[in-house]
Amino acid sequence: MIDLGLNGIILRVKSGALGEVGDISLLGKTLEGWAAEALNAQYKAIEASPVINLMDKLKASIDRAKPVTVILYCDTPLVSQKTVEIAVKQLTEQKLNMLKLPRGSVYKTEYLLETESLFTQDPSGSGEFEAVTDCASLSRIGDIMRRRILNYHAANGVMIYDFNNTHIDCDAVISKGAVIEPYNFIKGKTIIKPDAHIMPGNYIENCIIGRGATIDSSRLYDSLIGAESRVGPFAYIRPNTVIGCGCRIGDFVELKNCVIGDGCKVSHLSYIGDAELGKECNVGCGVVFANYDGKNKYKTVVGSRVFIGSNANIVAPVTIADRAFIAAGSTITKEVPAQALAVARARQTMIPNWRGNQYAPYNGENNPRTYNLVQFSDGIIDGAASTKQNAFARDDKQDGDMDESGTNGEQP
């Protein structure tokens, strides 16, 4: 809960290597945001300079009615709320006018208003007050913060196998019983429900992962995955996608802005965009929902228990009613009624002895060229070598054995 009786001031600083330090994002918050969390109070940000007296800016920014003012720097994200609370308590109980921190300070507001000058401190703090000054310090501090987050989730019953290779942002909510394997990036305001299994190699951002769902080596953005559903490996779930319960979204499937009903299967190599599927549909391999005409996006509505065969093209806008069956290789441009079989493909035509095949032009021979495999004394097998055996090659044929040509392997 935010302390309404405390003045919070965050001093914004610049680094020659990093620029505006406070704007750098780290594990779901900017560095200024992390410092603000330590304050746990309404705050104002003031640009700091080592050569300019900040007192006039401070006096104009603070509320005189609040008894204590805490000043922190935006480049010290490791400072915790507990550390600030202890400093404020010490100032109050010991009736001090000012308490200097390794980088920052706590003032009695009345005393601060009477002070004539205040100059910024050098970023030489240590421990919680270590400052971000370059890329190396940012990486070092980021690793400490990342482990704090992982320790928090592990203490609450989340199974995390590898702390060194798991990245979880500060706003992610993970329930007890979830399993997080290595090489996962869980970003933004992601919510993972109990018994969910996040297998290795996922990037999940702003998603809800349902109870008992399994995510394997995939990328998910701004979407919802229902309970007991399985996604991946190598699926791409783009924003505004809702996958129902008990679904199977397989390898190299891309979904965008669509609703997939409970129990649907989209097993592999398909694209579904701007569509709504009912329950228990089956989408075959290589199916494409053609939702874009070069200018506008259109929606497809598919009923329940619809079977869409492999390599079908569903050209939006179109509606496919319940229990319809789309034959493999069909291009659907018109409404398909319930229980109907839709076949939309050209009838197969044969042209014998076609001489236009440039890959295998007609030369009067019906059979492709054959090669005899030759094994040389050094073990190399060469199919393009002469059909005559190398003198040093091993000949496994025994006298009298016949090969497929009806001879004993000797060439004329």
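Index from 1, following the sequence. What you see is a predicted model; the values in this text were computed from it and never measured.
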Any ion pair linking [Y] and [X] (charged N to carboxylate O, less than 4.0 Å)?
X	Y	value
Lys29	Glu37	yes
Asp322	Arg305	no
Asp75	Arg103	yes

When you look at Arg12 and Asp23, which way does the salt bridge (Lys or Arg N to Asp or Glu O under 4.0 Å) test go after all the steps?
CA-CA 9 Å; Arg12 290 179 58 87; Asp23 295 334; 3.1 Å; yes
Between [atom1] on residue [X] and [atom2] on residue [Y], distance to nearest 0.5 Å:
X	Y	atom1	atom2	value
Thr331	Ile326	OG1	CD1	11.0 Å
Ile46	Ile71	CD1	CD1	7.5 Å
Lys299	Lys297	NZ	NZ	14.5 Å
Leu138	Met145	CG	CE	9.5 Å

With sequence neighbours excluded, residues passing ring-ring contact (aromatic ring centres under 6.0 Å, His included) with Tyr203:
Tyr221
Does any N or O in the side chain of Asn184 come within less than 3.5 Å of the main-chain N or O of Asn202, such that one atom is a donor and the other an acceptor?
yes
Ser137 side-chain N/O to Thr133 backbone N/O, donor-acceptor pair under 3.5 Å
yes
How about Phe185 and His167: are their ring centres within less than 6.0 Å of each other?
yes
Which heavy atom of Ile192 sits nearest a heavy atom of Ile180, and at what distance?
CD1-CD1, 4.2 Å
Do the side-chain N and O atoms of Asn164 and Arg147 include a donor-acceptor pair separated by under 3.5 angstrom?
yes
